[in-house]
Number of protein chains: 2
Amino acid sequence: MTTIKDVAKHAEVSVATVSRVLNNNGYVNSATKERVKRSIDQLNYRPNDVARSLFKGRSKMIALFVPDIMNPYFPELARAVEDVTNRHGYTFVLCNTDDEIEKELTYLNALQQKSIDGFIIVSSTITEEHIENVNVPIIALDRILSANLSSVTVNNREGGREATEYLKSLGCLRIAHISGPENASNTTERMRGYLDVVKNEDWFLSSYVVSGGYNFDKAKEVTINLLKNNPEVDGIFVANDLMGVGAMKAAQSLGIRVPEDLSIIAFDGITLGETTSPSLTTMAQPIYDIGARAAEMLIEQVNDRELPRKTEEFSVKLVERQSTKVRS
Amino acid sequence: MTTIKDVAKHAEVSVATVSRVLNNNGYVNSATKERVKRSIDQLNYRPNDVARSLFKGRSKMIALFVPDIMNPYFPELARAVEDVTNRHGYTFVLCNTDDEIEKELTYLNALQQKSIDGFIIVSSTITEEHIENVNVPIIALDRILSANLSSVTVNNREGGREATEYLKSLGCLRIAHISGPENASNTTERMRGYLDVVKNEDWFLSSYVVSGGYNFDKAKEVTINLLKNNPEVDGIFVANDLMGVGAMKAAQSLGIRVPEDLSIIAFDGITLGETTSPSLTTMAQPIYDIGARAAEMLIEQVNDRELPRKTEEFSVKLVERQSTKVRS
DNA sequence: ATGAAAGCGCTAACAG
DNA sequence: CTGTTAGCGCTTTCAT
């Protein structure tokens with residue numbers, strides 16, 4: 001490996017001068033600057049980032065915590081975060097946490113030992129006390145972790161309301177809800193939105209709300225039970241697309257036609273919903289945008305640690321596809 | 001940040017001694033060792049990995065290059081690699097290359113400046129000369145880059161043969177193939193397997209092979225053309241599942257029933273193929289296993305730089321689902 | 001068994 | 001405008 005010393009020797013200057021032209025700061029005669037640049041080229045010198053990091057106490061790395069990258073909601077988020085961080089010269093570290101607090105804490109520690117510059121976190125388990133001794137910026141993404149932490153989310157409750165209203169507008173008379181895990185802020189908000197709309201309907205039964213755990217197979221299973229026990233249900237608002245597809249499979253396995261007998265609307269707007277038959281009507285999040293925004297926000301906070309905490313909420317948008325249909 | 005110096009002071013020893021207990025090497029009196037450990041605990045000391053990396057010239061980081069994590073084949077691979085690297089104390093860096101050589105070279109450089117320990121690379125564009133001055137181990141994954149580079153792949157040609165034979169065994173009389181990009185070794189092998197089986201059939205036409213570019217929309221489009229121009233086709237072997245789902249969509253849009261009129265078999269075995277209706281018959285790769293194996297192999301080579309290059313090939317397995325059916 | 005000190009490669013005062 | 005030097009926090013000879 002060629003070092004700054006080699007360059008200095010080759011250009012017959014001091015390492016300080018080389019460092020100055022490298023970082024383009026401080027005064028340096030344009031002639032010597034050229035000479036140094038030539039030496040850098042000739043020696044094909046690349047500064048050692050580890051040495052820089054040691055000095056600066058920052059590594060130009062950013063980490064994204066997701067429960068599981070295999071869940072199809074997260075790749076787009078990850079892609080967005082990587083694009084932005086990369087564009088700003090940061091290295092992107094991906095951590096699968098399985099929503100286990102031990103893994104999360106382990107990552108938090110390990111990465112701080114590497115002088116990581118900040119975290120973007122999707123989590124249902126981390127709370128304030130877990131991060132009180134984290135001394136780099138954190139952005140909560142998709143789910144809110146704590147009131148005084150910056151966050152980027154969508155209007156889940158409003159979206160839940162709109163989805164449910166949409167089913168009503170289609171003429172659905174019995175609308176059920178497949179919810180996600182209890183401890184995730186996003187899914188509880190979606191359920192609230194659903195309840196806002198149906199809780200005063202005379203037909204509403206608490207058994208119309210069942211938990212699918214953000215999981216394809218689980219959702220399929222609970223949907224089968226739901227539809228068996230409540231054959232009158234003609235509309236389902238499912239808390240995310242992955243479960244929505246599971247719900248469609250469930251209906252099909254029961255010989256219930258979607259959308260003729262049953263309308264299904266879900267939430268997220270992942271590509272998966274476009275590939276199924278029928279394709280899935282959904283409340284689409286601007287997934288890429290919220291990931292990108294979280295990354296930008298984090299980088300802003302990394303560059304100015306005094307920045308106030310900020311919380312941004314994006315809007316979801318109804319995307320009508322084939323799994324919903326006007327009742328006749 | 002508390003440093004090794006603080007611990008040394010607190011335990012009334014030298015930093016060298018603290019370092020010894022930290023790394024569990026060299027002689028150190030068990031009494032003082034205990035004292036040091038207590039100090040470490042009390043001060044809640046965590047060694048600075050950047051300083052370690054600077055000294056060692058290694059960072060305990062491993063990078064995975066994928067074309068695009070949003071392609072549903074890659075999350076499982078990424079998950080596998082992350083699991084293994086994490087288990088061995090490595091930090092996992094994810095890079096989306098879009099199969100663009102400039103991005104790949106930029107990443108290669110940037111990460112070496114960070115003293116990265118090794119690369120796992122899925123690429124169709126990198127060749128030998130691009131990596132000749134990379135001085136850390138590289139494992140090619142999914143696609144072969146160069147003969148003298150370690151690699152982990154599947155038996156693509158054999159798999160292509162089996163898929164095509166399977167369609168024949170079902171009674172398909174005109175079998176087409178949707179292939180991937182020309183420059184990727186995996187997809188050309190799959191096509192070879194297909195050709196092995198059909199090239200001597202008297203019905204075989206070169207127009208039965210069309211390229212879908214490993215892309216959902218493109219595959220859908222070319223399949224529509226294929227089926228319009230060649231309505232006699234009653235079986236398609238598609239080079240991957242993503243395109244396979246596109247092909248199913250295409251058939252449906254044309255009113256061609258799958259599997260009654262047309263059997264479709266694809267390749268990869270990603271979860272997506274289970275969620276569609278009909279679900280997709282496929283030659284399933286052990287995706288997680290090859291990712292995990294590549295990571296293990298890389299770590300072996302990181303730990304012993306003299307290890308010989310190794311190339312491992314896993315087997316694909318026919319998974320019969322609903323998109324194929326015996327001709328009647 | 002322990003400590004002193006050099007050095008990993010770089011940056012940023014401080015001098016001149 | 002340029003050079004000298006002191007670290008950043010750690011590991012590892014080399015003494016003792």
Side-chain angles (χ1 to χ4, degrees), chain A residues 1-37 39-40 43-61 89 109-117 135-136, chain B residues 1-37 39-40 43-61 89 109-117 135-136:
Chain A
M1 217 45 226
T2 122
T3 76
I4 197 172
K5 244 182 190 158
D6 302 324
V7 177
K9 205 165 293 171
H10 186 272
E12 295 176 303
V13 293
S14 74
V15 295
T17 302
V18 178
S19 176
R20 287 190 189 99
V21 346
L22 238 35
N23 299 289
N24 221 344
N25 67 12
Y27 295 95
V28 39
N29 181 300
S30 63
T32 58
K33 178 184 259 179
E34 280 317 305
R35 190 150 37 90
V36 170
K37 281 186 171 172
S39 297
I40 289 176
L43 299 181
N44 192 28
Y45 166 71
R46 306 269 162 218
N48 180 325
D49 272 339
V50 178
R52 283 182 165 174
S53 295
L54 178 56
F55 182 86
K56 300 247 191 194
R58 293 122 135 297
S59 64
K60 287 237 130 196
M61 297 199 301
N109 274 319
L111 291 170
Q112 285 190 271
Q113 290 185 233
K114 286 191 142 40
S115 298
I116 195 129
D117 289 2
N135 37 32
V136 294
Chain B
M1 216 47 225
T2 121
T3 77
I4 197 173
K5 242 181 192 163
D6 303 324
V7 177
K9 205 166 296 171
H10 186 273
E12 296 175 301
V13 294
S14 74
V15 296
T17 302
V18 178
S19 176
R20 287 190 188 100
V21 345
L22 239 32
N23 299 289
N24 222 343
N25 67 11
Y27 295 95
V28 38
N29 180 300
S30 64
T32 59
K33 178 183 256 178
E34 280 317 307
R35 190 149 38 90
V36 170
K37 281 187 170 170
S39 296
I40 289 177
L43 300 180
N44 191 28
Y45 165 72
R46 306 268 162 219
N48 180 326
D49 272 338
V50 178
R52 283 183 164 171
S53 295
L54 178 57
F55 183 87
K56 299 247 187 194
R58 315 98 110 344
S59 63
K60 286 237 129 194
M61 297 199 300
N109 275 319
L111 291 170
Q112 286 192 99
Q113 291 184 232
K114 285 190 143 40
S115 297
I116 195 129
D117 288 2
N135 39 32
V136 295

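We use all heavy atoms of the structure for the numbers below, so side chains are in, but hydrogens, waters and symmetry mates are not. Fair warning: this is a prediction, and the values are worked out from it, not measured in the lab. Proteins get letters first, then strands, A, B, ... in listed order; numbering begins at 1 in each.
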Verdict with supporting geometry, B:Asn48 and A:Leu54, side chain to side chain contact (heavy atoms under 4.5 Å, CB included)
CA-CA 9 Å; B:Asn48 180 326; A:Leu54 178 56; 4.3 Å; yes
Whole-Å distance between C:dA12 P and A:Leu54 CG?
13 Å
Nearest-Å distance, CZ (A:Arg58) to C1' (C:dC10)?
16 Å
Need one value for B:Val13: base, sugar-phosphate or nothing, where a base atom within 4.0 Å counts as base even if backbone is also close, heavy atoms only.
sugar-phosphate
Do the side chains of B:Val50 and A:Val50 get nearer than 4.5 Å, heavy atoms only?
yes
Heavy atoms under 4.0 Å, any strand shown: does B:Thr32 hit a base, just sugar-phosphate, or nothing?
sugar-phosphate
Rounded to whole Å, please give me the gap between NZ in A:Lys5 and C1' in C:dC10.
11 Å
Which residue lies toward the 5' end of DNA chain C, B:Asn29 or A:Asn23, if each is placed at its nearest nucleotide?
B:Asn29
Using side-chain heavy atoms (C-beta onward) and a distance below 4.5 Å, is B:Val21 in contact with B:Ile40?
yes
List the steps and the verdict of side chain to side chain contact (heavy atoms under 4.5 Å, CB included) for B:Arg52 and B:Asn23.
CA-CA 11 Å; B:Arg52 283 183 164 171; B:Asn23 299 289; 3.6 Å; yes
Please find the pair of heavy atoms, one from B:Asn109 and one from A:Arg46, that lie closest to each other, and give the distance.
OD1-NE, 4.3 Å
Atom NZ of A:Lys56 and atom C1' of C:dA12: how far apart are they, to the nearest Å?
9 Å
Rounded to the nearest angstrom, tell me the gap between atom NZ in B:Lys114 and atom P in C:dG9.
17 Å
Would you say C:dG3 has OP1 or OP2 under 4.0 Å from some side-chain N or O of B:Ser14?
yes
So, for B:Tyr45 and B:Leu22, which heavy atoms are closest and what is the spacing to 0.1 Å?
CE2-CD2, 3.7 Å
Side chains of A:Ser39 and A:Val36: does their closest heavy-atom pair fall under 4.5 Å?
no
When you measure from the side-chain N and O atoms of A:Tyr45 to the phosphate of C:dC10, is any distance below 4.0 Å, counting only OP1 and OP2?
yes
When you check the phosphate oxygens OP1 and OP2 of C:dA1, does a side-chain N or O of B:Arg20 lie under 4.0 Å from one of them?
no
C:dC8 C1' sits how many Å from A:Asp49 CG, rounded?
15 Å
Could you check whether the side chain of A:Arg46 and the base of C:dG9 have a donor-acceptor pair of N or O atoms closer than 3.5 Å, going by distance alone?
no
Walk me through it: do B:Met61 and B:Asp117 pass the test side chain to side chain contact (heavy atoms under 4.5 Å, CB included)?
CA-CA 6 Å; B:Met61 297 199 300; B:Asp117 288 2; 5.9 Å; no
Rounded distance in Å - CZ (B:Phe55) to C1' (C:dC10):
17 Å
Range on DNA chain D touched by chain A, heavy atoms, distance below 4.0 Å
D:dC1 to D:dG9
Please give, in whole Å, the distance from C:dA12 C1' to A:Leu22 CG?
14 Å
A:Thr3 near the nucleic acid: base, sugar-phosphate alone, or nothing, with a heavy-atom cut-off under 4.0 Å?
sugar-phosphate
When B:Val28 and A:Val18 are each assigned the nearest nucleotide of DNA chain C, the 5'-most assignment goes to B:Val28
Considering heavy-atom distances to DNA chain D, does A:Ala51 or B:Asn25 have its closest nucleotide positioned more toward the 5' end?
A:Ala51
